[in-house]
Number of protein chains: 2
Amino acid sequence: MTLVSADRRRFPAEPWSLVEAAHVPGDAGTLETLFTLGNGHLGLRGAHASAQDAQLPGTFINGFHETFDIRHAENAYGFAKQGQRILYVPDGQEATVRINGEELTLAATPVLDYRRTLDFAAGVYECTVVWQTSSGAVVTTRERRAVGAASRASLTIELVVTADRRVVADVASAVVNRQDQPAEDGSAHDPRRAGRHAGRVLSPLRAEGGPTGSLRLAWATAESRQRIALAVEHETNATVPPFSTEADCDRSTVRYVLPLDPGEEFRLEKRLAYAVEPAPEPEWEEFDSYAGTAASHADAGISVDALLASAEASLRGIEDLAAESAAHYARYWATADVEIGGQPELQQAVRWNLFQLAQATAQAGVAGIPAKGVSGSGYEGHYFWDQEVYLMPYLTYTAPDSARQVLEFRHRMLPAAKARAAELNVDGALFPWRTINGQEASAYYAAGTAQFHINAAIAFAASRYAWATGDEAFRTGEGAELLSETARMWASLGFFGKDGKFHLHGVTGPDEYTAVVNDNLYTNVMARFNLRAAASLEHHSVSETDRLLWTEAAARMALPYDVEQRVHAQDNDFMTLQQWDWDTPRDKYPLLLHFHPLVIYRHQVLKQADTVLAMFLQWEDFTDEEKQRAFDFYDPITTGDSTLSPCVQGIMAAEVGYTATALAHFTTAAFIDLDDLHGNTVDGVHTASAGGVWAALANGFAGFRDQGRAPRFDPRLPEGWESLAFRLRLRGRTLAVRVTPAAITLGLEPGPDSGALGGVALNGTGRLDVEVRGRVYAVGAEPISIPLEPVAEPEPSVFPDPTPTAGLAAVAAMR
Amino acid sequence: MTLVSADRRRFPAEPWSLVEAAHVPGDAGTLETLFTLGNGHLGLRGAHASAQDAQLPGTFINGFHETFDIRHAENAYGFAKQGQRILYVPDGQEATVRINGEELTLAATPVLDYRRTLDFAAGVYECTVVWQTSSGAVVTTRERRAVGAASRASLTIELVVTADRRVVADVASAVVNRQDQPAEDGSAHDPRRAGRHAGRVLSPLRAEGGPTGSLRLAWATAESRQRIALAVEHETNATVPPFSTEADCDRSTVRYVLPLDPGEEFRLEKRLAYAVEPAPEPEWEEFDSYAGTAASHADAGISVDALLASAEASLRGIEDLAAESAAHYARYWATADVEIGGQPELQQAVRWNLFQLAQATAQAGVAGIPAKGVSGSGYEGHYFWDQEVYLMPYLTYTAPDSARQVLEFRHRMLPAAKARAAELNVDGALFPWRTINGQEASAYYAAGTAQFHINAAIAFAASRYAWATGDEAFRTGEGAELLSETARMWASLGFFGKDGKFHLHGVTGPDEYTAVVNDNLYTNVMARFNLRAAASLEHHSVSETDRLLWTEAAARMALPYDVEQRVHAQDNDFMTLQQWDWDTPRDKYPLLLHFHPLVIYRHQVLKQADTVLAMFLQWEDFTDEEKQRAFDFYDPITTGDSTLSPCVQGIMAAEVGYTATALAHFTTAAFIDLDDLHGNTVDGVHTASAGGVWAALANGFAGFRDQGRAPRFDPRLPEGWESLAFRLRLRGRTLAVRVTPAAITLGLEPGPDSGALGGVALNGTGRLDVEVRGRVYAVGAEPISIPLEPVAEPEPSVFPDPTPTAGLAAVAAMR
């Protein structure tokens with residue numbers, strides 16, 4: 001499947017925007033995702049105004065969710081009890097334009113001209129369509145959308161209608177509270193509509209309309225007992241009031257009917273602002289009674305009037321929001337932009353990905369980052385390990401304050417994670433594999449709870465944030481608590497075997513094509529980091545006993561290694577598994593949709609990078625040769641059935657020196673959504689992959705590494721790239737990096753908080769020590785340029801061809 | 001929990017009956033199971049007549065079930081789609097007796113005398129209660145129940161009421177179609193009543209009553225589209241007709257009101273007969289559309305009138321049924337009895353277990369044997385591997401014709417098993433872990449579908465039947481097909497590894513406390529048997545290629561072995577797992593109810609015998625020392641959380657020579673239900689354990705083994721047993737076996753089918769070659785007595801004490 005890169009006349013490679021220059025039927029839902037506007041708190045999918053042209057319209061608010069009992073077909077002790085699901089909140093995208101009684105839709109009305117733009121620099125959506133109506137009039141509609149930055153709960157849609165002759169325009173603006181909203185149903189052989197929203201999704205609390213087209217609406221969820229208010233105002237340049245205003249809990253409309261002279265504009269501004277009651281704090285000690293707790297809280301919550309007043313106060317005009325947005329993105333790109341010289345198509349794709357990262361994180365506040373940001377309901381709006389491993393590097397090095405907020409959010413989940421640990425018979429804290437409210441929501445433990453490695457991802461993200469920022473308050477506060485409680489979990493999960501090694505059994509690594517294995521290398525390597533980091537803490541909660549145990553467990557950590565093939569093994573048994581049949585036809589991928597887990601698990605086949613990811617994240621723990629052999633062994637058996645994979649494969653290919661392979665993997669990652677490579681972009685942006693694109697640039701092609709001492713660069717610029725330039729926030733300063741084939745140029749820019757925090761980690765001279773290919777440079781305000789020699793591509797490792805393992809051929813080979 | 005053995009005044013150790021000599025409140029549901037009457041086709045739980053005294057009354061018909069969609073909380077390819085559940089069929093047990101308006105219930109009426117008997121020899125239930133009514137009258141009720149043998153769909157209940165003075169008796173006989181019937185809900189944190197029977201369980205087709213107290217009733221299931229008819233007649237010695245007859249789809253009553261003179265008997269006989277429409281044959285090729293197929297079949301099915309006529313024709317009086325039953329059990333015990341000299345309590349327990357075996361199997365016809373027989377709805381009435389491994393040995397050696405019918409039933413499932421194999425990406429046939437209609441119904445694959453070993457259990461049972469009977473038609477027909485299609489599955493599931501061995505990965509053995517492991521020893525040993533047996537077939541479906549592959553796979557089968565400890569390993573990783581914490585308090589058992597599977601799976605702890613079971617079933621494949629070391633290693637870490645375990649532990653303890661341990665395990669097995677040792681006897685008899693009791697006697701204490709050549713005996717009589725005597729059907733003859741501490745006596749009795757079949761396997765002289773402790777004897781009609789030397793108890797193997805594996809103690813130990 002390809003989309004954007006398949007038709008460059010329709011999607012020209014503009015540097016600062018995604019442009020759709022012609023309308024072609026089909027792919028509406030995918031394009032709604034690609035044209036989403038959001039700010040990390042509030043998101044509006046890029047659906048067309050007419051309901052007939054929209055496939056999966058929706059507005060989302062990060063964390064606004066419903067809960068439900070998970071019904072296991074065969075339950076067991078400790079299985080996740082409560083599911084959580086992000087909701088489609090009542091949505092203001094819809095507007096119906098009728099000209100002389102004829103409804104304008106892309107589906108039915110001839111289109112003379114069409115242009116839709118998502119402006120990365122301004123953060124504005126715009127869509128202009130010129131219509132040939134059957135009454136002869138040529139009509140132009142221009143829609144402009146903006147979401148707030150500081151006004152994070154605010155969005156405004158401007159609609160301008162003109163005609164080339166006198167017409168009667170009839171414009172109906174709607175607010176829709178979808179009761180048929182799609183709900184992911186894990187039980188896939190049942191129709192989606194038979195899903196778990198058995199009753200109403202949002203129950204009405206208030207629905208009032210005013211004569212000027214104002215709406216005051218409020219609802220509550222049935223189970224999670226969250227409330228949401230929506231204030232809507234309609235401003236027009238018309239002298240007449242609305243023809244009608246109907247306020248209704250499921251579908252409100254404000255309708256204008258008026259004559260338009262030739263060239264006369266009818267301008268309608270629909271301003272929306274939401275206010276959401278915070279989710280009740282569950283009482284973690286007795287989380288079985290969560291529903292009851294929530295109910296009693298709702299009674300004591302904020303009044304509907306107060307919620308509505310808060311929403312009203314957030315209403316903004318389109319120009320105000322556009323200005324807020326433009327200012328925000330000017331600041332954003334000043335730090336976060338990545339420039340690629342000589343590659344306009346990749347440049348656009350990279351900026352689209354960076355724009356998605358901004359949209360998923362900018363104004364999230366102390367909240368998690370859903371797997372789809374606020375662009376769709378995919379993965380039910382849950383927070384996964386992606387957040388720490390794929391998004392936190394980007395956030396830490398471009399927006400450290402936002403990174404801190406995400407870590408504070410994890411820290412607030414500690415009580416829940418401790419309760420979950422007790423339930424799983426381990427000490428300390430065990431973070432949920434997927435969650436919104438802190439409770440484990442994964443209904444399949446083998447690819448959920450068994451992924452204990454999320455604990456290490458959190459510890460690693462906390463450590464990296466502390467290294468990168470020098471934020472002592474965090475390091476000795478929330479950071480220390482996260483590190484020690486996660487380490488406690490590892491120390492009790494594992495044990496010292498008869499071989500004198502420390503083992504972690506019954507875990508699943510990132511690669512979900514094996515599950516519940518012993519000594520998954522990724523898990524063990526990351527747990528070792530976690531234990532070491534915690535053992536080095538000076539914190540009142542860490543006893544000498546803890547320190548001794550954690551140090552010993554880390555020192556003795558078992559790392560499976562295949563002596564014969566001289567390559568690290570994904571787990572204790574992986575090297576003994578049967579080869580996958582690589583003649584499997586392409587339409588049987590992703591394998592998880594076509595083979596029983598028992599079939600997949602018993603074969604040597606990977607969904608995503610696992611050992612290779614460990615070697616990227618804990619790069620100091622492995623030699624160059626180990627990394628190359630691991631890459632050579634695992635890359636051919638990695639299906640990439642996960643969108644988390646190609647970016648990591650690209651990073652390690654770059655480090656090993658396979659620059660062309662690195663570029664191929666990177667390009668796949670950059671176009672995963674733009675080309676709908678996994679066929680599910682309709683469900684939302686693959687935000688983690690977008691984070692991986694940033695990492696593939698910074699860590700992959702620029703070879704940036706940071707493990708708490710001098711940051712390091714070892715660039716691998718792909719063939720045909722004239723330059724790669726970006727900035728990193730480090731120790732309160734901004735390091736500008738520019739890589740060309742011949743040199744790397746480094747210089748410090750003043751950072752906004754270069755005072756207190758920055759001082760500590762700099763080398764005393766106001767300069768930052770940076771290592772480039774083994775040599776340390778003191779980088780100051782004056783950029784320095786360090787020449788680079790080309791890196792030769794290494795000879796690939798040779799592994800013996802596999803002998804047949806099945807059938808008579810195997811019997812013959814054995815003889 | 002103990003019940004029968006705790007109070008021998010209440011439950012005296014009668015040799016041929018279970019007697020409850022006094023009423024004590026509590027345990028009503030457990031006793032309903034213990035006093036069940038059944039014939040393998042039809043079962044009636046032993047509930048008291050008054051609804052107020054019944055806890056879980058019910059009538060069951062083997063295979064009469066409802067189906068439902070399994071909704072997985074997180075579905076994946078190949079997960080089981082359709083659940084099946086045995087139903088409580090409309091039940092005639094209830095009768096209400098009122099004397100002068102006062103209802104007689106054990107709960108409320110003073111009881112002067114009480115005696116309930118389940119007569120193993122006659123197959124009759126009887127309960128006599130003497131009541132002190134508040135009006136002063138002393139009333140005696142006597143209830144007698146019998147189910148048919150040849151009339152297998154027939155049951156009759158006789159109720160006799162007398163009083164010591166003139167009273168008005170009011171007796172209401174009911175037929176209840178329970179709509180609140182308990183349904184197992186795998187999602188255990190939901191209340192049972194919110195289970196899957198969302199609508200009506202049985203929908204009415206007919207409900208008619210006649211003036212003489214006759215009822216003609218019929219219903220249909222909603223999803224499986226099976227129909228059931230019930231004809232009821234009431235016969236009395238009274239001259240008056242019923243006071244009222246109400247026919248209703250859910251609750252029909254026939255009421256008698258009449259004066260009784262002192263000593264005058266009112267005798268009411270309630271005759272019931274069922275007729276069940278056979279389940280529609282699913283079209284296996286497209287089993288997704290099963291429901292649709294079934295629906296269309298039902299339209300074309302037998303008419304309700306015909307079903308009712310068939311039921312009517314089966315109606316029998318109590319004396320007829322009691323006579324049928326007595327004749328049946330006379331024949332039964334003549335072959336199946338096992339006598340234990342000098343152990344009256346064990347003797348009674350053994351006979352109760354043998355009686356349950358008869359009740360679960362006798363008239364099943366070509367059907368499977370549910371895990372609870374027809375005594376309860378536990379395990380949803382499903383057929384498991386228990387059938388082949390725990391019940392078929394008993395059936396094969398005591399009722400070979402019934403054994404053949406069970407194998408024919410499995411054979412009829414071959415098309416479904418082939419379809420399932422294709423879905424699981426393997427060749428041949430893969431039998432469902434649990435099923436009624438042939439489709440996999442296990443909703444948790446790790447302890448369900450992953451138990452591929454059920455294939456080998458079926459192949460083994462088929463082979464044993466052929467050895468024991470010499471039934472050539474079966475051996476070369478259904479037997480060959482079962483063997484070859486199961487072997488095909490193994491050959492494709494496994495592969496030849498780089499070590500030259502044949503491996504079976506990603507399987508679960510009988511011990512469900514580890515799951516989805518590589519090279520489970522039990523599975524591999526049993527698969528090896530299966531492959532060898534299939535390779536030796538002369539059958540048109542077996543090619544030379546098959547034979548070569550199967551032979552090689554069997555010859556190279558990987559059998560995990562711990563060289564250091566000199567003991568076979570349960571699987572490739574088992575010996576590397578952490579020790580279980582044996583200080584875990586007793587109330588945390590069974591572990592599966594108190595620990596997450598991930599916790600259990602990563603520890604060295606067993607639910608039930610696994611390696612030890614392999615060494616019993618494939619006894620020729622292991623040396624005495626291997627068996628002893630395995631027993632010594634595994635027995636202490638086997639929790640016995642499964643009722644399938646103690647019988648097997650007992651058998652292997654006996655073989656190893658630990659006679660006291662063997663007796664302890666055996667006693668546990670014999671009293672599992674009588675003492676409600678697992679607290680769930682209320683759900684039905686643990687039929688497999690009853691089969692295991694037979695095996696523990698024949699295979700354990702008598703040391704009987706049979707692998708197709710001369711049957712072998714190596715007795716190990718426990719201390720205090722004067723004798724152990726039983727009969728085995730072998731090659732069409734009946735071998736009488738009597739073991740005393742000093743000798744084993746063997747002799748051939750004429751068998752009912754000693755002609756055609758029997759001849760082939762006898763040694764030409766009309767004698768049967770039997771091996772006793774290494775020496776072969778030709779046994780004929782004249783019993784021969786072979787002296788036995790006592791067997792010395794061996795020294796237990798010494799394994800080093802485990803070193804600490806967790807915490808600082810482990811760190812210290814490592815230094």
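Worth saying up front: this structure is predicted, and the values here are computed from it rather than measured. Protein chains get the first letters and strands the later ones, always in sequence-line order, with residue 1 at the start of each.
Of the listed residues (B:Val516, B:Thr576, B:Val599, B:Thr803), the greatest number of heavy-atom pairs within a distance under 4.5 Å of chain A belongs to B:Thr576. Here A:Gly807 is the residue among A:Gly494, A:Ala491, A:Gly807 with the most heavy-atom pairs under 4.5 Å with chain B. Most heavy-atom pairs under 4.5 Å with chain A: of the set B:Ile600, B:Val426, B:Val811, B:Asp499, this distinction falls to B:Val811. Ranked by heavy-atom pairs shorter than 4.5 Å toward chain B, the options A:Gly497, A:Gly500, A:Pro597 are led by A:Pro597. With chain B as partner, the option from A:Gly78, A:Pro802, A:Gly448, A:Ala443 having the largest number of non-hydrogen pairs under 4.5 angstrom is A:Ala443.
What you find for A:Ala73 and B:Arg71 is that their closest heavy atoms are CB-O, 3.6 Å. The two residues A:Leu593 and B:Tyr77 have their closest heavy-atom pair at O-CD1, 3.5 Å.
Taken from CD in B:Gln578 to CZ in A:Phe496, the straight-line distance is 10.5 Å, to the nearest 0.5 Å. Distance check: B:His603 NE2 to A:Asn425 CG gives 7.5 Å after rounding to the nearest 0.5 Å. Here B:Tyr445 contributes atom OH and A:Glu74 contributes atom CD; the two are 12.5 Å apart, rounded to the nearest 0.5 Å. With rounding to the nearest 0.5 Å, the separation of CZ in B:Phe502 from OG1 in A:Thr805 is 9.5 Å. The CG atom of A:Asp519 lies 9.0 Å from the CG atom of B:Asp573; values are rounded to the nearest 0.5 Å.
For a residue to count as touching a neighbouring chain, one of its non-hydrogen atoms must lie under 4.5 Å from one of that chain's; by this rule B:Thr449 touches chain A with backbone and side chain alike. Looking at B:Tyr444, the atoms closer than 4.5 Å to chain A (heavy atoms on both sides) sit in the backbone and in the side chain alike. Interface remark: A:Val517 contributes no atoms to any contact with chain B (heavy atom separation under 4.5 Å). Residue A:Ala450 touches chain B through both its backbone and its side chain, counting heavy-atom pairs closer than 4.5 Å. Of the two parts of B:Val507, neither the backbone nor the side chain holds a non-hydrogen atom closer than 4.5 Å to a non-hydrogen atom of chain A. Only the backbone of A:Leu592 comes within contact range of chain B, with at least one heavy atom under 4.5 Å from a heavy atom of that chain. Using a 4.5 Å cut-off between heavy atoms, A:Leu493 contacts chain B through both its backbone and its side chain. B:Leu577 touches chain A through backbone and side chain together, each having a heavy atom under 4.5 Å away.
In this structure the side chain of B:Lys498 reaches within 4.5 angstrom of the side chain of A:Gln565, judged on heavy atoms. Side-chain atoms of B:Met814 and A:Arg556, non-hydrogen and from C-beta on, do get closer than 4.5 Å to each other.
The stretch residues 544-552 of chain A places A:Thr545, A:Leu548, A:Leu549, A:Glu552 near chain B, each with some heavy atom under 4.5 Å from a heavy atom of that chain.
Around atom OH of A:Tyr379, no more than 12 heavy atoms belonging to other residues, nucleotides or ligands sit under 6.0 Å away. Environment of NZ in A:Lys607: crowded, with over 12 heavy atoms of neighbouring residues, nucleotides or ligands closer than 6.0 Å.
Close placement of the B:His596 and A:Phe79 rings is indicated, their centers lying within 6.0 Å of each other.
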